[in-house]
Undergrad: 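Sharing a structure, written as structure tokens. Questions coming.
So that the names make sense, note that chain A is the first sequence line, chain B the second, and so on, each numbered from 1.
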2 protein chains.
Amino acid sequence: MRRYTRLDAAQRRAAVVEAALSCIARGGIQDFTVDKVCAEAGISRGLIGHHFGSMSALLAAAYGHMYDQVALTAVSASADQSRLGRVLALLFSPDLFNRDALNIWLTLWGQASVTPELRDEHRRQYAEYRRNMTEAIAEAATANGRHVDAAALALTLICLIDGLGVQHCVEPATMSGDLALQNCRDLLLPYVGPF
Amino acid sequence: MRRYTRLDAAQRRAAVVEAALSCIARGGIQDFTVDKVCAEAGISRGLIGHHFGSMSALLAAAYGHMYDQVALTAVSASADQSRLGRVLALLFSPDLFNRDALNIWLTLWGQASVTPELRDEHRRQYAEYRRNMTEAIAEAATANGRHVDAAALALTLICLIDGLGVQHCVEPATMSGDLALQNCRDLLLPYVGPF
DNA sequence: GTCCTTGTTGAACAACCGTATAGTTTGCCC
DNA sequence: GGGCAAACTATACGGTTGTTCAACAAGGAC
């Protein structure tokens with residue numbers, strides 16, 4: 001009888017990352033431990049070291065996976081509205097705007113503000129995030145014949161999005177995805193007009 | 001020779017809380033350990049158990065201390081502007097809007113979203129926070145003869161404030177206190193008018 | 001000066017942490 | 001069906017975790 005099934009290295013890595021994120025969603029960074037992640041993934045303790053080398057490397061991989069997931073969902077978004085409208089609808093869809101996912105983000109931010117490697121990666125990712133958002137805002141504004149400081153507005157918008165996420169994470173009843181989306185639209189409307 | 005100096009229980013508790021917050025500011029929840037807090041406070045390991053019973057109780061006390069600190073600073077704020085203007089100027093003053101303090105908040109939010117006791121306390125405190133902000137907004141709006149949904153606007157504003165704090169925490173160069181304050185004023189201006 | 005409350009120490013404890021490593025099993029290749 | 005790379009298990013290890021507890025000492029009361 002088979003005692004275990006081998007997986008391709010890439011597949012196993014993905015499975016372990018998934019398990020790590022589940023643990024973080026459930027109990028924050030306190031539940032990001034060798035024992036708990038391995039139990040969640042159904043593997044033995046040694047495998048994390050074999051595939052990732054260390055727990056901090058696994059955390060970095062998990063961080064990257066979160067961004068990949070957003071980018072992946074972005075591709076499949078419907079195209080029947082403006083780019084800005086699409087991005088916002090995506091960010092507040094149940095797939096991304098839910099307690100588990102936002103709890104993971106909150107935990108990762110806390111780690112990023114303390115761990116140099118994670119912080120650098122965060123800044124790289126956020127720079128691209130800001131660039132994309134700036135473009136989307138500029139598009140919407142020019143489509144309405146308006147002139148705005150798109151970069152500044154994008155930064156503000158991103159901060160609001162993050163804050164709405166924190167609120168949903170700690171007190172979901174007060175901040176649904178729909179309400180959060182509406183808040184963002186209200187912020188943008190006076191500047192870029194309808195989109 | 002004296003081997004140590006006794007402190008009043010209240011004073012010692014305050015000193016330990018202060019040390020705990022220093023540790024959290026430096027290294028997040030990972031540095032919130034018995035050894036590190038005691039070293040920071042210059043006391044022996046047994047004293048935390050004696051004064052707080054457990055580390056989670058110490059964390060709850062530290063959480064409360066953070067709110068007390070904001071309330072205390074609020075009392076000493078100058079009165080030469082509207083209440084809303086005062087509150088915002090206070091929240092983005094260097095005393096409250098700095099990396100150490102915001103790193104503590106970020107860490108505490110992450111814990112609150114995972115620990116039931118902390119989460120309940122957070123909700124209580126935020127309910128009052130929201131109430132105060134709603135009143136301040138309503139005052140400013142009526143002073144300008146405008147009518148707004150003050151409660152909804154207060155919730156949005158608070159989320160923006162939190163998001164700006166996260167941004168400053170992880171990437172201080174992109175979000176100064178002055179810029180954060182301006183962002184909040186820009187959010188409010190279209191609704192409540194000048195304040 | 002002696003007592004007594006209580007703030008404080010320091011060590012002991014079991015449980016858990018992340019990492020390293022030696023040995024086993026799997027499944028593909030030839 | 002034998003060989004082989006590598007995915008995987010299982011255990012051991014030193015260090016750190018939070019908590020407990022008996023003994024000590026400081027400083028006011030009297």
Undergrad: Does B:R3 or B:I48 map to a spot on DNA chain D nearer the 5' end, using the closest nucleotide for each?
TA: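 By nearest-heavy-atom nucleotide position, the 5'-most residue is B:I48.
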Undergrad: Would you mind reading off the distance between B:D31 atom CG and D:dG18 atom P, rounded to a whole angstrom?
TA: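 B:D31 atom CG is separated from D:dG18 atom P by 11 Å.
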Undergrad: Measure the acute angle between the ring planes of B:F97 and B:H168, then classify it against the limits of 30° and 60° as parallel, tilted or perpendicular.
TA: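 B:F97 vs B:H168 ring planes: tilted.
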Undergrad: Are A:L155 and B:Q167 packed together at the side-chain level, in the sense that at least one heavy-atom pair is separated by less than 4.5 angstrom?
TA: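 Yes, their side chains come closer than 4.5 Å.
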Undergrad: Take the protein atom CZ of B:R2 and the nucleotide atom C1' of C:dG7, then report the distance between them rounded to whole Å.
TA: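 Rounding to the nearest Å, CZ of B:R2 and C1' of C:dG7 are 15 Å apart.
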Undergrad: Of all the choices, D:dC24, D:dG18, D:dA12, which nucleotide is nearest to the side chain of A:R45 once you look at every atom?
TA: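 Comparing D:dC24, D:dG18, D:dA12 against the side chain of A:R45, the answer is D:dA12.
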Undergrad: B:F52 has an atom CZ; how far is it from atom P of C:dT8, in whole Å?
TA: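 So the CZ-P distance, B:F52 to C:dT8, works out to 11 Å.
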Undergrad: Decide yes or no, distance alone: a donor-acceptor N/O pair under 3.5 angstrom between the base of C:dT25 and the side-chain of A:Y4.
TA: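 Answer yes: a donor N or O sits under 3.5 Å from an acceptor.
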Undergrad: I want to verify a distance call: between D:dC8, C:dG7, C:dG10, whose nearest atom is closest to the A:L47 side chain?
TA: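 Closest nucleotide among those given: D:dC8.
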Undergrad: If you assign each of B:A9 and B:G46 to its closest nucleotide in DNA chain C, which residue comes earlier from the 5' end?
TA: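 First, find each residue's nearest nucleotide; the 5'-ward one identifies B:A9.
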Undergrad: When the distance from NE2 of B:H50 to P of C:dT5 is rounded to whole Å, what number comes out?
TA: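 Result: 14 Å.
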Undergrad: Quick check for you: among D:dA7, C:dT8, C:dT19, whose closest atom lies nearest to any side-chain atom of A:M55?
TA: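 Comparing D:dA7, C:dT8, C:dT19 against the side chain of A:M55, the answer is C:dT19.
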Undergrad: On DNA chain D, does the nearest nucleotide to A:R12 precede the nearest nucleotide to B:T33 from the 5' side, or the other way round? Give the residue.
TA: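 Its nearest nucleotide being more 5', the pick is A:R12.
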Undergrad: What is the distance, rounded to the nearest whole Å, between atom CD1 of B:I43 and atom P of D:dA25?
TA: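 Distance check: B:I43 CD1 to D:dA25 P gives 19 Å.
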Undergrad: Drop me the distance from B:I24's CD1 to B:L106's CG, to the nearest 0.5 angstrom.
TA: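 Interatomic distance, B:I24 CD1 to B:L106 CG, rounded to 0.5 Å: 11.5 Å.
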Undergrad: Roughly how many Å is it from CZ in A:R6 to P in C:dT24, rounded to a whole number?
TA: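 Distance check: A:R6 CZ to C:dT24 P gives 16 Å.
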Undergrad: Just how far, in rounded Å, is P of D:dG15 from NZ of B:K36?
TA: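 Rounded to the whole Å, the gap is 16 Å.
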Undergrad: Can a donor-acceptor pair be found, under 3.5 Å and without considering hydrogens, that links the side chain of B:N144 to the backbone of B:R146?
TA: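 Not confirmed, B:N144 side chain does not pair with B:R146 backbone.
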Undergrad: For the pair B:R99 (side chain) and A:S113 (backbone), establish whether a donor and an acceptor sit closer than 3.5 Å, ignoring hydrogens and angles.
TA: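 Present.
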Undergrad: Specify the separation, in whole Å, of atom CD1 of B:I29 and atom P of D:dT17.
TA: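 Going from B:I29 (CD1) to D:dT17 (P), I get 13 Å.
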Undergrad: How is A:D35 classified with respect to the nucleic acid when contacts are heavy atoms under 4.0 Å: base, sugar-phosphate, or nothing?
TA: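 Sugar-phosphate, backbone atoms only, no base.
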